[in-house]
Asks: 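Sharing a structure here in structure tokens format.
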Amino acid sequence: MPTITLPDGSKKSFDQPVTARQVAESIGPRLAQAALGCKINGELRDLSTLIAGDCSLSIVTEKTGRGGDKQPDPDALFLIRHSAAHVMAEAIQRVVPGVKLAYGPPLATGFYYDMQAPADRPISSGDFEKIEQEIAAIIKEDRPFTRYEVLADEGLAKLRAEGNKFKIDNAEIALAKDAQDAAPDADPLKSHKSLVTPGVSINYRPGCRLSFYATGAPGKNWEDLCRGPHVPSTGRIGAVKVLSLASSYWHGDENSDRLTRVYGTAFASQADMDAHLNQLEEAKKRDHRVIGRQLRLFHIDEDVGQGLILWTPAGSVLRLELMKFISQELEKQGYHQVFTPNIGKLELYKTSGHFPYYKDAQYPAITEPESLSKALAEGCSCAELTNRLEGVSARLAENINKRTGKETIESSRIMADEKLLNGYLLRPMNCPHHIKIFASAPHSYRDMPVRLAEFGTVYRWEQSGELNGMTRVRGFTQDDAHLFCTEDQVPGELLGCLSLVKVVLTTLNMKDYRVRVGLRDPDGKKYTGDPKNWDRAEDACRAAAKSLGVPFTEEPGEAAFYGPKIDFVIKDVIGREWQLGTVQVDYNLPIRFDLSYVGPDNQPHRPVMIHRAPFGSFERFCGVLIEHFAGSFPTWLSPEQVRILPISEKTDGYAQKVLAALKAVGCRATADFSGDRIQAKIKNATDWRIPYLLIVGPKDEEAGKVSIRARGIQKDLGAMGLDEFVAGIKAEIESRGASSVAARFV
RNA sequence: GCCGCUAUAGCUCAGCGGUAGAGCGCACCCUUGGUAAGGGUGAGGUCAAGGGUUCAAAUCCCUUUAGCGGCUCCA
């Protein structure tokens, strides 16, 4: 008979099997009333789950935590949203008859349901109001979520009779997964011919069951194949909102059925819902595309091209300040800055392996005019031109294969020199150029490491549907560097790189990030290089991440094709994650380019390369930065740092004097000489999110002072001597925010 | 790339078969005003581009381009 351990450690024993609800009732009626579900041995379950054996149990209610700061419980939200997905599906089937349901899981901020609408009656956002009305009606009916289980055979027969192939597929996958989990014991397995995929058999355990949830009484009310769990009844769902429509594919496979995905969200209360919707509104206002236009930070022009950023004067200030900042750090860390062109010969990228391996993600090659005319004169077809562009000379293939010790370049790609079509590639990465700088002079172990840095612009053909403002673009500038070092120097150099990223993030007050060590996927085939080198590189990354002293996760499959990496993934205000800074170890390119340095033994040795970019790219970084600060940049980054607002034309002269004093110390200051009244001048300046406003009138002029208004503080802070303010703002800018002029007023 | 939605003045948007509208911004004028919008006048649009239907198209249809929301992808 069950003995149940509660979260506080106390135990309760029962004479016979009990449901979780009964346990809750035995603890207290209020708890039972608030209960939405339970966790049995850490697993989220229905409140109606019958408990027969000993276990630990906690009751899930909508609120957790103690004291005044009550946050919605994530488990409660899971139950509510999973249940809301069912209710929304039922509502949609009422509004749009003939809809076939596919799959409807809860998400971190809501839920969705994938479904197939009849060809002649698509679901549209115009249906939302009616759907929400139906949802409200179902919630009001307060029908219980009733779970029932049937044997696999019976369940499959039932689904077959209903004729929804998505649900049959779901059931078959669930059965197959169950069999796989049970496989080690080699239970006798029963075979079932897939009803969805012809010619496929699915093995499952004979005793295996499928679960269904009826919203009400089985056989009478709406029901759905579902693993559960759910809240006790529809009345417990609280607030539901249908948010948006999107399209998706069955199993995410673009060759499979196209489905309509209906997004919604649900909360325990309308107040929580309102808070969430409000937060979405706020997030929209922070969107870098919106603020970027308001503050004229960047522009994307249809006539220039998708995903190509035009940095306007204000945005360029941001970028230049970041470049200045990183340059100073590079200096401290012993880097050499270099400049290299944005294109290079095709053969260079055949040597590095970028072409044609990643040709789908690159702008097409630029063909050499003479080479092209010659091929055209020969009457080459398009396919043949491509072939000749992608071919390699016997010499190159031999070199690469010899260096890598295997057939890295297949013999089928080898082509006679006179047939090869010469061309150039808009560079997808900066490394080959830096490698050539390293290789242009002999290196002794005494010179190592060689650290070459460049604000290098690269071009990649991102899929058009992926482009997004500044955060996903086709041309971007990395704060890139390549470190050539000895094997022994790898750990130290990795650490140096990581500390650089940390300095950047700390200075910009970006604290919400995680570190990800990207390792190769054991089954992956995309990786190049010797497995032994991979092991060494992965160990070095792991060790470096460890010594950094911040929590990190190891993620197989996240490595670059040429080596493992350490990424800094920043979380923005809306909760999205962005990969910004990255550090990657590379044993592969030094081999392909046959790099060497002379060791103490007077013999050539192979260097190891480290790729790193603390910002990632200026485009993405600035996009995230705009949202991080909501356009209110710290003074050192602000395009306009101070605006002087003369009360009237009478003090225009003094305003000019103040302006000159600020400009003399390199402060980006302007003055508003418009005919507006002071109230309007303040309003306009506020809209531009300028850190400091200096109001100057006759009183200030007489006293040689300026009246200060700081961004975010909606009042006059009082007056300060002009010289004192100039010195203060200079210190604030030069220290990158370590000191503040406004601080002495607040 | 795929699916859906969208495209009207510099910006935000209304108009949705009968010869283009508002607010903000911009220019000029009046106002000389002490802390989040003083008043007036005016300029500015071949309604994304191209094609079609119609007596008539910003409005309906098709194609293209671009944006948005997803899916897939991201060396």
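Sequence lines set the chain letters: A, B, ... in the order given, protein chains first and strands last, and positions in each chain run from 1. Owing to the predicted nature of the structure, the values given are computational and were not obtained by experimental measurement.
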Asks: Looking at A66(B), I'd like to know if its phosphate oxygens (OP1 or OP2) sit under 4.0 Å from a side-chain N or O belonging to Gln306(A).
Replies: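 So the side-chain polar atoms of Gln306(A) do come within 4.0 Å of the phosphate oxygens OP1 or OP2 of A66(B), strictly under.
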Asks: Scan Ala560(A) against the nucleic acid and name what it touches under 4.0 Å (heavy atoms): base, sugar-phosphate only, or nothing.
Replies: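 Sugar-phosphate only.
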Asks: So if I take every side-chain heavy atom of Tyr358(A) and compare against C71(B), G34(B), A75(B), which nucleotide ends up nearest?
Replies: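 When the side chain of Tyr358(A) is considered, A75(B) is the closest of C71(B), G34(B), A75(B).
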Asks: Take the protein atom OH of Tyr263(A) and the nucleotide atom P of G4(B), then report the distance between them rounded to whole Å.
Replies: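 To the nearest whole Å, that distance equals 16 Å.
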Asks: Looking across every strand, which nucleic acid part, if any, lies under 4.0 Å from Thr260(A) by heavy atom: base, sugar-phosphate, or nothing?
Replies: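 No contact.
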Asks: Checking all strands, does Arg258(A) fall into the base, sugar-phosphate, or nothing category for heavy-atom contacts under 4.0 angstrom?
Replies: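 Answer is sugar-phosphate: Arg258(A) comes under 4.0 Å of backbone atoms only.
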Asks: Once you apply a heavy-atom cut-off of 4.0 Å, does Arg293(A) come out as touching a base, just sugar-phosphate, or nothing?
Replies: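 Answer is sugar-phosphate: Arg293(A) comes under 4.0 Å of backbone atoms only.
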Asks: Considering only side-chain heavy atoms of Arg474(A), which listed nucleotide, G1(B), A66(B), A75(B), is closest?
Replies: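 For the Arg474(A) side chain, the nearest candidate turns out to be G1(B).
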Asks: Set out, in order, the CA-CA distance, both residues' side-chain angles and the distance that settles side chain to side chain donor-acceptor pair (under 3.5 Å) for Thr651(A) and Glu701(A), then state yes or no.
Replies: CA-CA 7 Å; Thr651(A) 37; Glu701(A) 182 170 10; 5.6 Å; no
Asks: Among A66(B), C74(B), A36(B), which is the nearest nucleotide to the side chain of Glu302(A)?
Replies: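 Given the options A66(B), C74(B), A36(B), the side chain of Glu302(A) is closest to A66(B).
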Asks: Touch check for Gln362(A), heavy atoms < 4.0 angstrom, all strands: base, sugar-phosphate only, or nothing?
Replies: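 Base contact.
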Asks: Could you check which of A36(B), G1(B), A37(B) has an atom nearest any side-chain atom of Ser464(A)?
Replies: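 Comparing A36(B), G1(B), A37(B) against the side chain of Ser464(A), the answer is G1(B).
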Asks: Under 3.5 Å for both donor-acceptor distances, Watson-Crick or wobble: does G21(B) have a partner, and if so which one?
Replies: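 The answer is C13(B), by the H-bond criterion.
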Asks: Given side chains that start at C-beta, do those of Ser632(A) and Arg711(A) come closer than 4.5 Å, heavy atoms only?
Replies: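 When only atoms from C-beta onward are counted, Arg711(A) and Ser632(A) do touch, with a gap below 4.5 Å.
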Asks: Checking base pairs now: Watson-Crick or wobble, both atom distances under 3.5 Å. What partners C26(B)?
Replies: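 WC or wobble partner is G42(B).
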Asks: Is Gln679(A) touching bases, backbone alone, or none of the nucleic acid, heavy atoms closer than 4.0 Å?
Replies: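 Touches sugar-phosphate only.
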Asks: In whole angstroms, how far is the P atom of G69(B) from the OH atom of Tyr112(A)?
Replies: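 Taking OH of Tyr112(A) and P of G69(B), I get 18 Å after rounding.
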Asks: Answer with base, sugar-phosphate or nothing: what part of the nucleic acid does Asn468(A) contact at a heavy-atom distance below 4.0 Å?
Replies: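 Sugar-phosphate, no base atom in range.
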Asks: Counting any heavy atom closer than 4.0 Å, what does Arg289(A) reach on the DNA or RNA strands: base, sugar-phosphate only, or nothing?
Replies: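 The answer is sugar-phosphate, as Arg289(A) gets under 4.0 Å only of primed atoms, P, OP1 or OP2.
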Asks: Take atom CG of Asp687(A) and atom C1' of G10(B), then tell me their distance rounded to the nearest Å.
Replies: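 To the nearest whole Å, that distance equals 16 Å.
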Asks: Provide, to the nearest angstrom, the distance between the NZ atom belonging to Lys359(A) and the P atom belonging to A75(B).
Replies: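 My rounded result for the distance is 18 Å.
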Asks: Test side chain to side chain donor-acceptor pair (under 3.5 Å) on Gln116(A) and Thr260(A) and set out the steps.
Replies: CA-CA 6 Å; Gln116(A) 193 176 47; Thr260(A) 302; over 6 Å; no
Asks: May I have the distance from Asp652(A) (atom CG) to G33(B) (atom C1'), rounded to whole angstrom?
Replies: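 Rounding to the nearest Å, CG of Asp652(A) and C1' of G33(B) are 13 Å apart.
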Asks: Does the pair His482(A) and Asn430(A) meet the rule for a side chain to side chain donor-acceptor pair (under 3.5 Å), with working shown?
Replies: CA-CA 9 Å; His482(A) 294 93; Asn430(A) 300 312; over 6 Å; no
Asks: Do nucleotides 22-32 of chain B as a string where each nucleotide becomes B, S or -: B if the base has a protein heavy atom under 4.0 Å, S if just the sugar-phosphate does, - if no protein is that close.
Replies: ----------B
Asks: Using a distance-only criterion (donor-acceptor N/O pair, under 3.5 Å, no hydrogens), is the base of G34(B) paired with the side chain of Ser707(A)?
Replies: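 Per atom types, the contact qualifies.
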Asks: Check every atom of A75(B), G70(B), U35(B) against the side chain of Ala246(A) and return the nucleotide holding the closest atom.
Replies: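 My answer, after comparing the listed nucleotides, is G70(B).
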Asks: Under 3.5 Å, which donor-acceptor pairs do the side chains of residues 294-310 of chain A form with other protein atoms, sequence neighbours left out?
Replies:
{"unit_1": "His299(A)", "atom_1": "NE2", "unit_2": "Asp301(A)", "atom_2": "OD2", "d": "3.0"}
{"unit_1": "Asp301(A)", "atom_1": "OD1", "unit_2": "Asp303(A)", "atom_2": "N", "d": "2.8"}

Asks: Using a cut-off of 4.0 Å on non-hydrogen atoms, how would the nucleic acid contact of Lys681(A) be classed: base, sugar-phosphate, or nothing?
Replies: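 Nothing, no nucleic acid heavy atom in range.
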Asks: Using a 4.0 Å heavy-atom cut-off across all strands, classify Tyr357(A) as base, sugar-phosphate, or nothing.
Replies: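 Result for Tyr357(A) = nothing.
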Asks: Where the side chain of Arg261(A) is defined as all heavy atoms beyond and including C-beta, which of G34(B), C71(B), A75(B) is the nearest nucleotide?
Replies: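 Given the options G34(B), C71(B), A75(B), the side chain of Arg261(A) is closest to C71(B).
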Asks: Base, sugar-phosphate or nothing for Ile682(A)? Non-hydrogen atoms, less than 4.0 Å.
Replies: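 Answer is base: heavy atoms of Ile682(A) come under 4.0 Å of a base.
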Asks: Counting Watson-Crick and G-U wobble pairs only, both distances under 3.5 Å, name the nucleotide matched with A57(B), or none.
Replies: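 Pair assignment: A57(B) / none.
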